[in-house]
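What follows is a set of notes on a single structure, which appears directly below.
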Amino acid sequence: MKVAVRYFTKSKKGNTERIAKFIEEKINVPALDVSNPLEEETEILLLVNAMYAADVDKNIKQFLRNNKDKIKTLINVNSSASGASTIKPVKKVCDEEGINVSEKEFHTVAGWIFINKGRPNKEDFERLEAFLKEAVING
């Protein structure tokens, strides 16, 4: 099964990149930022992203539009300081572009300034590892 991992972050805190690199380590697939297009069709795209002002960044949306013909199924992996999931804005773009979105999603809160200090933490990464086993490895 062909799996790809892409992420986008503009935060200096690096929570999204930490999550993406953790996935890379656990499933042995390079986690690249969304400036790297998909080179071939993927059965599963793990899209690691974060909430910015109640939406996903325009770079996530553009990546999806540019790679729509190479994504069989997208699994949304996200974090936000507000606690809100990015599934709705990601799914909106995917629906417009004809990309299948898995019902399986991983979401966690993330630290930002004084909110959710220390998150994602050890327990969040343990949950992510269990999620990866269920959704991707044993899929």
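Being a predicted model, the structure only gives us computed values, none of them experimental.
- In this structure, the separation between NZ on K58 and CG on D55 is 12.0 Å, given to the nearest 0.5 Å.
- Remark: side-chain polar atoms of N67 are paired, donor with acceptor, to backbone N or O of F63 under 3.5 angstrom.
- Sequence neighbours left out, the pairs with a member in residues 21-53 that pass ring-ring contact (aromatic ring centres under 6.0 Å, His included) are F22-F125.
- Looking only at side-chain heavy atoms (C-beta outward), L74 and V90 come within less than 4.5 Å of each other.
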Is there a side chain to side chain contact (heavy atoms under 4.5 Å, CB included) between K72 and N100? Walk through the geometry before answering. CA-CA 6 Å; K72 188 170 179 184; N100 180 50; over 6 Å; no
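- Side-chain contact between L64 and I71 is present, with at least one heavy-atom pair separated by less than 4.5 Å.
- Salt bridge E25/K21: absent, no basic N to carboxylate O contact under 4.0 Å.
- Rounded to the nearest 0.5 angstrom, L45 CG and T73 OG1 are separated by 10.0 Å.
- Scored by the side chain to side chain contact (heavy atoms under 4.5 Å, CB included) test, Q62 finds R65, N66 as partners (sequence neighbours excluded).
- The hydrophobic cluster containing V93 does not contain M51, counting ILVMFWY residues as joined when their side-chain heavy atoms lie under 4.5 angstrom apart, directly or transitively.
- In this structure, A84 and N78 approach most closely via the heavy-atom pair O-OD1, 4.2 Å.
- Within 6.0 Å of CG on N28 lie no more than 12 heavy atoms contributed by other residues, nucleotides or ligands.
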For I60 and L47, what are the C-alpha separation, side-chain angles and deciding distance, and is it a side chain to side chain contact (heavy atoms under 4.5 Å, CB included)? CA-CA 9 Å; I60 289 285; L47 183 64; 3.9 Å; yes
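- Applying the 6.0 Å contact sphere to CD of E126 captures more than 12 heavy atoms from other residues, nucleotides or ligands.
- Residues V5 and V77 share a single hydrophobic cluster, defined by chaining ILVMFWY side chains whose heavy atoms lie under 4.5 Å apart.
- In terms of the side chain to side chain contact (heavy atoms under 4.5 Å, CB included) criterion, residue partners of K2 (sequence neighbours excluded) are, by chain and number, E40, T42.
- For the residue pair N15/S79, the side-chain donor-acceptor check at 3.5 Å is not satisfied.
- Residues I23 and V48 meet the side-chain proximity criterion, which asks for heavy atoms closer than 4.5 Å.
- Within the 4.5 Å cutoff, side-chain heavy atoms of S80 are placed close to those of H107.
- Transitive grouping of hydrophobic side chains (ILVMFWY, heavy atoms separated by less than 4.5 Å) brings V34 and V56 into a common cluster.
- Side chain of R6 to backbone of P37: a donor-acceptor contact under 3.5 angstrom is found.
- Contact annotation: the side chain of L132 approaches that of L46 to within less than 4.5 Å [non-hydrogen atoms, C-beta and beyond].
- For F131, the ring pair (Phe, Tyr, Trp, His ring centres under 6.0 Å) partners at least two apart in sequence or on another chain are F106.
- Note that CD of E97 is 11.0 Å distant from NZ of K92, once rounded to the nearest 0.5 Å.
- Hydrophobic clustering places V29 together with Y7 (ILVMFWY residues linked when any side-chain heavy atoms are closer than 4.5 Å, directly or through intermediates).
- The side chain to side chain contact (heavy atoms under 4.5 Å, CB included) search around I87 returns N76, S85, V101, E105, not counting sequence neighbours.
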Go through it in stages, so that I can follow the logic: the residues are E123 and R127, the test is salt bridge (Lys or Arg N to Asp or Glu O under 4.0 Å), and I'd like the CA-CA distance, side-chain angles, deciding distance and then a yes or no. CA-CA 6 Å; E123 290 80 18; R127 283 188 318 106; over 6 Å; no
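- With sequence neighbours left out, the side chain to side chain contact (heavy atoms under 4.5 Å, CB included) criterion links D95 to K91.
- Follow the hydrophobic side-chain contacts under 4.5 Å out from V3 and you never reach L32; the two are in separate clusters.
- The side-chain hydrogen bond (donor to acceptor under 3.5 Å, both in side chains) test with N49 is passed by exactly one of T9, T16, T86: T86.
- Without hydrogens or angle criteria, K70 side chain to L38 main chain gives a donor-acceptor distance under 3.5 Å.
- With hydrogens and angles ignored, the 3.5 Å screen pairs a side-chain donor or acceptor of E24 with a backbone N or O of A31.
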